[in-house]
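In this chain, residues are counted from 1 in sequence order. We count ligands from 1, going down the list as the structure has it; atoms in each ligand are counted the same way.
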Amino acid sequence: MDRLVVEGGVKLKGEVRISGAKNAVLPILAATLLTDEPCVISGVPELCDVMTMLRILKSLGKIAEFHNGVVTVTSGRHANFVADYKLVSTMRASFCVLGPLLAKFKKAKVSLPGGCVIGVRPVDLHLKGLKALGADISIESGYVMAKAARLRGNNMYLGGVYGSSVLGTDNVMMAATLAHGRTIIENAACEPEVADLADFLNKMGARITGQGTPIIEIQGVKHLRGAEHTIIPDRIEAATFMVAAMITGGDITIKNVCPQHLGAIIDKIEESGAVLARTDGTLRIRPKRRLKPVNVTTLPYPGFPTDMQAQMMSLMAVTPGISVITEKIYPDRFMHVAELNRMGARIQREGPHAIVEGVKLLSGAPVMASDLRASASLLLAGLVAKGKTTISRIYHLDRGYEDIEQKMSALGARVWREKE
Ligand code: EPU
């Protein structure tokens with residue numbers, strides 16, 4: 001297992017290019033199951049999660065090849081409709097093969113993903129939507145068994161206690177593309193990654209409108225064809241580099257970014273004292289002399305994303321004053337709090353809130369990454385801490401950030417990987 005070592009104290013300066021969005025590419029790869037024709041996806045980041053999805057596609061009978069950021073998916077000789085526990089349990093996003101498999105093969109057997117360190121993460125909304133399309137669904141030995149001679153379009157409301165579901169919307173939207181008649185999903189997730197999936201499906205011949213809004217309408221078609229698509233830039237990676245500029249007092253120009261996907265983050269980061277300059281496809285960010293504490297509440301898009309909560313907490317941990325961070329998507333996504341406190345942060349968790357009292361200095365320490373975004377928050381804290389921070393279990397970071405230490409090093413960071 002690798003660990004990451006960071007020596008803090010360098011102001012990060014220069015340019016960084018953002019990779020394609022992990023949370024867009026994973027369901028888009030699953031969508032290739034809806035056709036027998038070849039699909040070519042560009043701007044694909046080289047991430048562990050992407051490689052896992054390619055393994056899943058292969059286990060389902062596809063031929064999937066990754067080369068220089070381009071994935072080509074073609075059909076093999078034998079299609080399979082069973083997604084195995086061994087693969088699905090390593091990555092929740094693999095559950096979104098359920099909708100495409102059911103639509104294409106009229107039956108599917110997909111392992112239930114189970115919970116993970118950021119929470120229980122149920123799939124009731126996925127199943128509710130597929131049932132509304134007429135699927136017969138049962139759970140047997142940890143697997144979802146789904147079948148439907150013909151899926152039929154329907155109206156449905158896909159909201160749960162924490163609001164809309166990203167992968168739930170993806171799963172149902174994909175199934176509905178091949179259903180008979182019209183489907184309307186109310187309280188659909190509005191995340192740009194969902195809209196990117198809908199755009200890809202439309203290139204395949206689907207008839208989807210309303211993507212990016214809470215009401216998505218899908219007019220079912222008989223057949224989907226192969227398509228080519230380029231993945232949108234990763235807004236969470238871009239935002240992580242925005243925080244890197246702020247926390248180190250640096251000056252970073254971020255390339256291949258969609259500022260329109262970063263509204264809530266830009267709002268909060270400007271409130272905390274960022275100076276931003278936008279030009280076509282680039283965003284330059286540096287802090288004013290004094291940073292200010294800001295209160296942040298995570299919400300479904302266009303609200304502040306839960307996937308940036310941990311990184312924002314690192315910034316607040318070194319910003320003078322008190323800030324309150326409220327997590328409304330995954331109330332238990334606070335594993336990073338104890339690790340940041342080991343570095344000298346003063347953060348107190350109270351239910352879904354973290355009360356952060358900014359300190360003058362963090363000190364490097366051995367810390368442990370618990371999930372992808374927690375790892376990013378520890379790396380950011382390490383960039384500004386005095387001395388050396390060693391982050392173990394760094395494989396979490398490799399699930400979602402492409403070439404992270406190369407990109408950070410190119411900006412001047414002293415960061416390297418070691419064998420544990
Ligand atoms: N929920 C339900 N029932 C469901 C599905 C979800 O109650 O059937 C709840 C969840 O427990 C959570 C909330 O609804 O409280 C939102 O979960 P959602 O379904 O939107 O999450 P997801 O689709 O499983 C995606 C991202 C996550 C990101 C969330 C929220 C992918 C591959 N994953 O997960 O990304 O945190 O949306 O925006 O798209 C990450 O990249 O680090 C990451 C965890």
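Nearest to atom 3 (N) of ligand 1 among the protein's heavy atoms is Asp124 OD1, 2.7 Å. The shortest contact between atom 26 (C) of ligand 1 and any protein heavy atom is with Asn23 ND2, 3.5 Å. The single protein non-hydrogen atom nearest to atom 9 (C) of ligand 1 is Tyr162 CD1, 4.3 Å, given as residue, atom name and distance. Closest protein heavy atom to atom 24 (O) of ligand 1: Arg121 NH2, 3.1 Å. Ranking protein heavy atoms by distance to atom 8 (O) of ligand 1, first place goes to Leu125 N, 2.7 Å. From the protein, the heavy atom lying nearest to atom 44 (C) of ligand 1 is Arg333 NH2, 3.5 Å.
The proximity of Glu327 to ligand 1, defined as any non-hydrogen pair under 4.0 Å, does not occur for either the backbone or the side chain. Using a 4.0 Å cut-off between heavy atoms, Tyr330 contacts ligand 1 through its side chain alone, with no backbone atom that close. When heavy-atom distances to ligand 1 are checked against a 4.0 Å cut-off, Glu193 has no atom that comes that close, whether in backbone or side chain. Looking at Val166 against ligand 1, both its backbone and its side chain come within 4.0 Å, counting heavy atoms.
A donor-acceptor pair is defined here as one N or O able to donate and one able to accept, closer than 3.5 Å; no such pair exists between the side chain of Glu420 and the backbone of Ser392. Checking side-chain atoms of Lys62 against main-chain N and O of Thr32 turns up a donor-acceptor pair under 3.5 Å. Glu15 contributes no side-chain N or O that, together with a main-chain N or O of Thr253, makes up a donor-acceptor pair within less than 3.5 Å. Here the side chain of Asn256 pairs no donor or acceptor atom with the backbone of Arg17 at under 3.5 angstrom. Lys104 places no side-chain N or O within 3.5 Å of a backbone atom of Leu178 that could act as its donor or acceptor partner. Distance alone, capped at 3.5 Å, is enough to place a donor-acceptor pair between the Glu339 side chain and the Met368 backbone.
The option with the heavy atom closest to atom 42 (O) of ligand 1, from among Met53, Arg373, Met91, is Arg373. Within the set Thr298, Leu167, Leu158, Asp307, the minimum heavy-atom distance to atom 35 (O) of ligand 1 is found for Asp307. Closest heavy-atom approach to atom 6 (C) of ligand 1 within the set Gly168, Gly160, Pro122: this belongs to Pro122.
Listed by atom number, the atoms of ligand 1 under 4.0 Å from Ala93 heavy atoms are 32 (C). Close contacts of ligand 1 with Ile329, meaning ligand atoms under 4.0 Å from a residue heavy atom, involve 12 (C), 13 (C), 15 (O), 16 (C). With ligand atoms numbered from 1 in the order given, ligand 1 contributes 42 (O) to contacts under 4.0 Å with heavy atoms of Leu372. Near His126, meaning under 4.0 Å from one of its heavy atoms, ligand 1 places the atoms 8 (O). Distances below 4.0 Å separate heavy atoms of Val123 from the following atoms of ligand 1: 4 (C), 8 (O).
Between Asp49 and Arg92, none of the side-chain N atoms (NZ, or NE/NH1/NH2) sits under 4.0 Å from a carboxylate O, so this pair counts as no salt bridge. Residues Glu402 and Lys22 are not paired through a salt bridge, judged by the lack of any N-O separation under 4.0 Å between the basic side chain and the carboxylate.
Screening Glu327, Arg333, Lys328 for a side chain to side chain donor-acceptor pair (under 3.5 Å) involving Gln309 leaves a single residue, Glu327.
Within a 6.0 Å sphere centred on CZ of Arg393, heavy atoms belonging to other residues, nucleotides or ligands number 12 at most.
For the pair Ile216 and Val194, the minimum side-chain heavy-atom distance is below 4.5 Å.
At least one heavy atom of Lys22 sits less than 4.0 Å from an atom of ligand 1. Heavy atoms of Ser165 come nearer than 4.0 angstrom to ligand 1 in at least one pair.
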*Take Glu7 and Lys388, measure what salt bridge (charged side-chain N to carboxylate O under 4.0 Å, His left out) needs, and give me the verdict at the end.*
CA-CA 5 Å; Glu7 250 174 28; Lys388 213 192 252 186; 5.0 Å; no
